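Shown next, in structure tokens, is the structure this report addresses.
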Amino acid sequence: MGRMGQRFRIEGHAKCTLHFAGLAYAGEIENISLSGALVNLDSEVPGGVHPGCQCALTLGGKQDAYPVQYTCRVARLGGAIVGVQILELIYGETVH
């Protein structure tokens, strides 16, 4: 675990999926904290995605196997890298 400023970030490299406008994009977590995550997508960031866009982040390689999903907002973009701000956690049917 590394410390950057006043926030802790955990380096991950775990499989994940980002969901934009009903479409799913596979990727890998570069790092994650309580407030956000940096995701490296397997392909370029889809057109039309910009900072402020709402999205969802699912951890793990198989969406049905992991009931944890985060509602997020895109914070920054660059090539295949997407930085997201975590807004809420959805675990199964429970919102946290």
Side-chain angles (χ1 to χ4, degrees):
M1 182 167 15
R3 183 177 172 117
M4 297 183 70
Q6 296 298 320
R7 298 196 174 120
F8 286 96
R9 299 193 192 288
I10 300 170
E11 293 185 18
H13 304 291
K15 298 293 181 196
C16 68
T17 305
L18 271 178
H19 308 268
F20 298 103
L23 299 174
Y25 299 89
E28 184 176 88
I29 297 286
E30 290 293 322
N31 63 57
I32 190 167
S33 69
L34 292 174
S35 62
L38 186 63
V39 177
N40 187 5
L41 296 178
D42 292 347
S43 58
E44 291 290 311
V45 174
V49 174
H50 54 82
C53 282
Q54 293 270 335
C55 61
L57 172 65
T58 304
L59 302 180
K62 297 179 183 175
Q63 185 174 347
D64 295 337
Y66 299 93
V68 177
Q69 186 175 74
Y70 298 93
T71 301
C72 304
R73 177 181 301 126
V74 175
R76 65 182 181 135
L77 301 169
I81 298 288
V82 180
V84 296
Q85 174 188 11
I86 295 173
L87 302 175
E88 69 181 354
L89 165 65
I90 302 167
Y91 183 80
E93 296 298 319
T94 306
V95 176
H96 300 278

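Values in this document were obtained by computation on a predicted structure and should not be read as measured data.
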Do Phe20 and Leu38 share a hydrophobic cluster, counting only Ile, Leu, Val, Met, Phe, Trp and Tyr and linking them when any side-chain heavy atoms are less than 4.5 Å apart? no
Measuring only between side-chain heavy atoms, which start at C-beta, is Cys55 closer than 4.5 Å to Val84? yes
Among residues at least two apart in sequence or on other chains, which ones pass side chain to side chain contact (heavy atoms under 4.5 Å, CB included) with Cys53? His50, Val74
Applying side chain to side chain donor-acceptor pair (under 3.5 Å) to Gln85 and not counting sequence neighbours gives Arg73
Set of residues satisfying side chain to side chain contact (heavy atoms under 4.5 Å, CB included) with respect to Ala56, sequence neighbours excluded: His19, Gln69
Partner set under side chain to side chain contact (heavy atoms under 4.5 Å, CB included) for Pro51, not counting sequence neighbours: Leu77
Looking at OG1 of Thr17 and CG of Asp42, how far apart are the two atoms once the value is rounded to the nearest 0.5 Å? 9.0 Å
Residues at least two apart in sequence or cross-chain that pass side chain to side chain donor-acceptor pair (under 3.5 Å) with Arg76, listed by chain then number, are none
Atom pair CG (Leu57) and CD1 (Ile86), whose distance is rounded to the nearest 0.5 Å: 6.5 Å
Using the rule that two of Ile, Leu, Val, Met, Phe, Trp, Tyr join whenever any of their side-chain heavy atoms come within less than 4.5 Å, decide whether Leu23 and Val82 are in one cluster. yes
Note: Leu41 and Tyr25 closest approach over all heavy atoms is CD2-O, 3.9 Å
Please identify each residue that fulfils side chain to side chain contact (heavy atoms under 4.5 Å, CB included) with Asn40, with sequence neighbours left out. Glu30, Ala80, Ile81
Working for side chain to side chain contact (heavy atoms under 4.5 Å, CB included), residues Val39 and Ile29: CA-CA 5 Å; Val39 177; Ile29 297 286; 4.0 Å; yes
Exercise: identify the closest heavy-atom pair between Val45 and Gly79: CG2-O, 3.0 Å
Taking the side chain as every heavy atom from C-beta outward, state whether Leu18 and Cys72 have any atom pair closer than 4.5 Å. no
